Each structure stands twice: as structure tokens, then as C-alpha cells.
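Inspection log for the structure reproduced underneath, given as C-alpha cells.
Predicted, not measured: the structure shown is a model, and the values here were computed from it.
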Amino acid sequence: MTSSDRSHQGEPEEPPIRFTDNRKIDREASAAGSADEGASGPSSAEQAAAAAAQKAEEDVPKADALLLEERTRDLQRLQAEYANYRKRAERDRLAAGDAAVARVAGDFLPVLDDLDRARAHGDLTGALKAVADKLDDVFHKLGLESFGAVGDPFDPEVHEAVMHDVSDDVTGPTATTVMRQGYKYRDRLIRAAMVGVTDPASPSAEAEVADSAPDLAAGEDTLTDSTAAGEALQDDPHQP
């Protein structure tokens, strides 16, 4: 039943319910506290967190710099190792190629010797001469060089001496006969030249023999005189 119904029926109306807050609020003190909190700044925890964040931000560039320096050193080391590897591989490749060419050229040396003998006897003519000239051109382009000629100074590193003679016509050990030419491929000795060597006559030895001849003659005279004196003493009966 509502209040209007009660009024129509003659019943008294109930007073409305009211609530009163008897607590006293000091608005000025509350405002002052808020102002003090704002003025005092962040708490110690907030300050520690801010300091840690700042330190972390400062450490990041240092760590990045150290990492960059380390990676740079690794890259430089790898680059140097790769450059050394390329040089070593290229050197090994060239050495293997030189060894192969030298081996093949060594197998062809008997053929070249036969062609040289035919050329020396005048038998290298016609088609055989054309083939020989082509072979010489090919080996010359490859870098094969022949050596060993009459009159070359004797070098035991590249000459194989199989004959020896003495003559006044040379001033030092000289290759006066070439039985077989030697060959080089670049700096590699494939075969030594087979030569006959002539040494100069030793005038110093003859001079020593001539100088010692008077001394030998004087010694023989002294020995003869001593022998004669001994025989005279043996023939004299008055000697004790």
C-alpha cells in the first residue's frame, strides 16, 4: 500500500528515512597531506628502480661496443685466414702444375736428344724438321730451356763431368766437350748437362819444381863428397 492510498484511507504518513555522517573531515589537513606527498617526491623503491634503469641504459652502449669490437676482431682474423688459405692454395696449384709439366718434359727429353743428334749430323730435313721445330716451339712456350755449350764455365750444380783434361788454353775449369745437353724448367733442374771438363795447366807447380832443382843438385853433390871421403878413410892404413 502506497502513501497516497494511506492518505485516502485516513492513515498517518511515515516520516522518510535520513542518514547523517557525524564524522568530521578536515579538508585543509587532507589538502596539506596531498601537497606534502607531491613535494616529497618518489619513494626509495621508486628511486632505486629509476637508478637501476638508468644504469642499465648506460651499460647497453658499453656492452654493444664490446660486442662490436669482439666481432670485428673475429672478422679480421677470419679474413686473414682466408687470405692465407687462398695464397697457399694458389701456390700449391702452381707447384702441382710445374711438377706435372716438368715430369712430361722429362719424358720427352730422349726424343729431343735424338732430334739434336739428327740436327748435328744434318739428317733433320723435310717433314721431320717441321715436327722438330714445332716441338721446340711448344717446349719453349712452356718454359723449357736447354743449356750446356762448349766454353761454358764448369758448374757442378748443373754440369755432370764425365771427362777430364788439362790445357793451357783455359784459365779455369771449362766445359770443352758436351755429350748431352741439360734442361731446366723455370727454376727447376730437370737434367744436368753431361760434359767433359778441361782444367788449366798449373804454372805454379812447374815453377816449384824448377825452384827445387838446384837444391836437389846441391844435395846430390854433398852426398857424393861424403861418400868419397868415407872411402878414402877406409883405404888409409894409418887411420886407427
Side-chain angles (χ1 to χ4, degrees), residues 63-202:
D64 292 342
L66 293 175
L67 183 61
L68 178 61
E69 183 179 358
E70 182 180 359
R71 293 293 184 268
T72 303
R73 288 197 301 267
D74 293 341
L75 181 60
Q76 291 175 349
R77 183 174 61 255
L78 290 175
Q79 186 176 5
E81 291 178 356
Y82 180 66
N84 293 332
Y85 165 75
R86 288 187 59 186
K87 293 179 181 178
R88 185 169 59 254
E90 182 67 15
R91 185 170 59 250
D92 294 342
R93 185 184 66 82
L94 294 177
D98 292 344
V101 173
R103 184 168 58 253
V104 173
D107 294 337
F108 271 93
L109 292 186
V111 178
L112 298 178
D113 293 338
D114 292 340
L115 294 175
D116 289 338
R117 283 190 288 267
R119 186 181 292 109
H121 289 84
D123 298 333
L124 195 63
T125 58
L128 183 59
K129 184 178 184 303
V131 173
D133 293 339
K134 289 181 180 180
L135 281 176
D136 290 339
D137 292 339
V138 169
F139 285 116
H140 182 71
K141 289 179 180 179
L142 288 175
L144 185 68
E145 297 179 359
S146 62
F147 65 91
V150 175
D152 290 344
F154 175 71
D155 185 0
E157 296 291 334
V158 296
H159 290 152
E160 180 183 357
V162 295
M163 294 176 57
H164 183 264
D165 195 4
V166 177
S167 175
D168 294 332
D169 297 333
V170 296
T171 58
T174 306
T176 53
T177 306
V178 179
M179 279 75 78
R180 188 181 67 186
Q181 283 190 327
Y183 287 91
K184 284 182 178 181
Y185 174 67
R186 295 182 179 177
D187 296 334
R188 187 190 299 265
L189 178 65
I190 298 178
R191 188 182 70 184
M194 185 181 296
V195 299
V197 182
T198 300
D199 289 330
S202 177

**Message:** Do Met163 and Val197 have side chains that approach each other closer than 4.5 Å (heavy atoms only, starting at C-beta)?
**Reply:** no

**Message:** Quick one: does any side-chain atom of Arg186 pair with a main-chain N or O of Leu144 as donor and acceptor, under 3.5 Å?
**Reply:** no

**Test item: Thr174 side-chain N/O and Val170 main-chain N/O as donor-acceptor pair under 3.5 Å** = no

**Prompt:** How far apart are the C-alpha atoms of Gln181 and Asp116, what are their side-chain angles, what is the distance that settles it, and do they pass the side chain to side chain contact (heavy atoms under 4.5 Å, CB included) test?
**Reply:** CA-CA 9 Å; Gln181 283 190 327; Asp116 289 338; 3.7 Å; yes

**Asked** Stepwise, does the side chain to side chain contact (heavy atoms under 4.5 Å, CB included) test hold for Asp123 with Lys129?
**Response** CA-CA 9 Å; Asp123 298 333; Lys129 184 178 184 303; over 6 Å; no

**Request:** Taking the side chain as every heavy atom from C-beta outward, state whether Met179 and Val195 have any pair of such atoms under 4.5 Å apart.
**Result:** no

**Asked** Just by distance, do the side chain of His159 and the backbone of Asp155 share a donor-acceptor pair under 3.5 Å?
**Response** yes

**Item:** Distance in Å, His164 NE2 paired with Thr176 OG1, rounded so as to fall on 0.5 Å steps
**Value:** 9.5 Å

**Item:** Side-chain heavy-atom pair Val150, Thr177 within 4.5 angstrom cut-off
**Value:** no

**Prompt:** Would a distance-only check, ignoring hydrogens and angles, find a side-chain to backbone donor-acceptor pair under 3.5 Å from Asp133 to Ala130?
**Reply:** no

**Request:** Would you please indicate if the ring centroids of Phe139 and Phe108 are separated by under 6.0 Å?
**Result:** yes

**Request:** Answer whether the closest heavy-atom distance between the side chains of Leu112 and Tyr183 falls below 4.5 Å.
**Result:** yes

